[in-house]
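For this chain, numbers begin at 1 and follow the sequence in order.
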Amino acid sequence: MQNLATQCGSLRVVGLGPGADALLTDSVRSAIAGATDAFGYFPYVERLSGLGHLTLHGSDNREELGRARSALNLAAQGRKVLMLSSGDPGVFAMASAVFEVLDDAGPEELERWVAVDIDVQPGITAMLAAAARLGAPLGHDFCAINLSDNLKPAAVIERRIQLAAQADFAMAFYNPCSKSRPEGFERALRVLRQECEPQRLICFARNVSHADETLRVVQLQDVQAEMADMRTVVIVGNSQTRQVGRYVYTPRSYGVAGSR
């Protein structure tokens, strides 16, 4: 096994953050500098296009499992491979896809991949970058829900939103809608309007850390479905969430704002 390990390379599963280079972690920068190859969705691979030491392997955003297999196979040949995600690779991204492929591997694949050094590097996910720009809307208990029904039934999504609202969680919605599936955020709004008061604060953070970043805070009663797209993170406050000036925050406790 030791001889096999010396021949095998590594697979670093990394998050490129929400967009701005300044939000790339030092550990991810180091992984990029030491890599030979990078796999990822075309726009993420494009971010590394100026680095001559890397061979880039771009693919469509629905080819996650095939991408993971290809990266593992190349790492098993001794290459130092990156698997790219935006944000954090463990939040609705490629880290779980890599382990899903390992979990489903047959004997021949496992024999090739067993000695690959797999390391997941954390990144700044869009939810946390958006919350920081808004103030502190996730300052109490919260959850993250992906509104895409590509990999789970719409009924499951609606049930999770319903239960989270009933439990008074703040919520961060990823992938609220797309051109092919515009109904995702509309479904979420229907549930929220059934479970939450009309004055509940809803925050829209689009293209956070990019030059065209936009932030918007609206009461639930005034929200329109077209306010969100695939480049928007939607943060739903809990019943205690409030605004102070241009900032939105959720108190750390239930009670009087400002209590220690």
Please check if the number of heavy atoms outside Glu108 that lie under 6.0 Å from its CD is greater than 12. no
How about Phe142 and Met127: do any of their side-chain heavy atoms sit closer than 4.5 Å? yes
Please report the closest heavy-atom contact between Ala144 and Tyr174, naming both atoms and the distance. CB-CE1, 4.4 Å
Quick one: CZ on Phe42 to OG on Ser59, what's the gap to the nearest 0.5 Å? 6.0 Å
Side-chain contact test, heavy atoms from C-beta onward, threshold under 4.5 Å: evaluate it for Leu189 versus Glu186 and give yes or no. no
Counting N and O atoms only, with roles assigned by atom type, does the side chain of Asp103 sit under 3.5 Å from a partner on the main chain of Phe99, one being a donor and the other an acceptor? no
Measuring from atom CG of Leu72 to atom CZ of Arg112, what distance do you get when rounded to the nearest 0.5 angstrom? 9.5 Å
Count I, L, V, M, F, W, Y as connected when their side-chain heavy atoms are under 4.5 Å apart, and connections chain through other members. Are Phe39 and Leu24 then in the same cluster? no
Which heavy atom in Ala20 sits nearest to a heavy atom in Ser209, and how many Å separate them? N-OG, 2.9 Å
Knowing that exactly one of Ile161, Asp149, Leu147 qualifies, which makes a side chain to side chain contact (heavy atoms under 4.5 Å, CB included) with Arg187? Asp149
Return the minimal non-hydrogen interatomic distance between Ile124 and Leu23, and the atom names on each side. CD1-O, 3.5 Å
What's the spacing between Ile145 CD1 and Glu158 CD if we round to 0.5 Å? 11.5 Å
Does Ser49 use its side chain to pair, donor to acceptor, with the backbone of Glu46 at less than 3.5 Å? yes
Tyr254/Asn238 under side chain to side chain contact (heavy atoms under 4.5 Å, CB included): CA gap, chis, key distance, verdict: CA-CA 11 Å; Tyr254 280 68; Asn238 73 9; 3.7 Å; yes
Without swapping roles, check the side chain of Asp60 against the backbone of Glu63 for a donor-acceptor pair under 3.5 Å. no
How long is the gap from SG on Cys203 to CZ on Arg216, to the nearest 0.5 Å? 12.0 Å
Would you say the side chains of Ser70 and Asn73 form a donor-acceptor pair under 3.5 Å? no
Verdict with supporting geometry, Arg47 and Asp21, side chain to side chain contact (heavy atoms under 4.5 Å, CB included): CA-CA 10 Å; Arg47 286 185 59 181; Asp21 288 343; 3.4 Å; yes
Give a yes or no answer on whether the side chain of His53 reaches the backbone of Ile32 with a donor-acceptor pair at less than 3.5 Å. yes
Supply the atom-to-atom distance Arg160 CZ to Cys143 SG, rounded to the nearest 0.5 angstrom. 10.0 Å
Go through Ser85 and Phe92 one step at a time and tell me if the side chain to side chain contact (heavy atoms under 4.5 Å, CB included) criterion holds. CA-CA 9 Å; Ser85 297; Phe92 306 125; over 6 Å; no
Tell me if the aromatic rings of Phe169 and His140 count as close, with their centers under 6.0 Å from one another. no
Close side-chain approach of Gln121 and Val13, heavy atoms under 4.5 Å: no
Among Arg67, Arg12, Arg79, find the one that has a salt bridge (charged side-chain N to carboxylate O under 4.0 Å, His left out) with Asp37. Arg79
Side chain to side chain contact (heavy atoms under 4.5 Å, CB included) between Glu213 and Arg133, intermediate numbers included: CA-CA 10 Å; Glu213 170 186 297; Arg133 295 290 292 128; 2.7 Å; yes
Would you say Thr125's side chain and Leu128's backbone share a donor-acceptor pair under 3.5 angstrom? no
Between Pro107 and Leu110, is any pair of side-chain heavy atoms under 4.5 Å apart? no
Flag, side chain of Asp117 to backbone of Ser10, donor-acceptor distance under 3.5 Å: no
Kindly indicate whether the side chain of Leu102, heavy atoms from C-beta on, has any atom under 4.5 Å from the side chain of Trp113. yes
When every non-hydrogen atom of Val81 is compared with those of Ala75, the smallest separation belongs to CG2-N, 3.7 Å
In terms of hydrophobic clustering (I, L, V, M, F, W, Y; side-chain heavy atoms under 4.5 Å; direct or indirect links), are Leu51 and Val45 co-clustered? yes
Are Val234 and Leu192 grouped together when hydrophobic residues (ILVMFWY) are joined by side-chain heavy atoms under 4.5 angstrom apart? yes
Do Leu84 and Val28 land in one hydrophobic cluster if side-chain heavy atoms of ILVMFWY residues count as linked below 4.5 Å? yes
For the student: nearest non-hydrogen atoms of Ala170 and Pro137, plus distance: CB-O, 3.9 Å
Counting C-beta onward and ignoring hydrogens, is there a side-chain heavy-atom pair between Val248 and Arg242 closer than 4.5 Å? no
Can you tell which of Val233, Leu215, Asp212 makes a side chain to side chain contact (heavy atoms under 4.5 Å, CB included) with Arg206? Asp212
Show the nearest heavy-atom pair for residues Asp222 and Val218, with the distance to one decimal. CB-CG1, 3.5 Å
Mind checking whether Met83 and Leu11 have side chains closer than 4.5 Å, heavy atoms only? yes
Without swapping roles, check the side chain of Asp168 against the backbone of Ser239 for a donor-acceptor pair under 3.5 Å. yes
Can Ile235 be reached from Leu220 by stepping across I, L, V, M, F, W or Y side chains whose heavy atoms are under 4.5 Å apart? no
Between Glu197 and Gln199, do the side chains contain a donor N or O and an acceptor N or O under 3.5 Å apart? no
Is it true that a side-chain atom of Gln194 and a backbone atom of Val191 form a donor plus acceptor pair closer than 3.5 Å? no
With heavy-atom distances below 4.5 Å as the criterion, would you say the side chains of Val217 and Ile202 are in contact? no
Drop me the distance from Arg252's CZ to Gln240's CD, to the nearest 0.5 angstrom. 13.5 Å
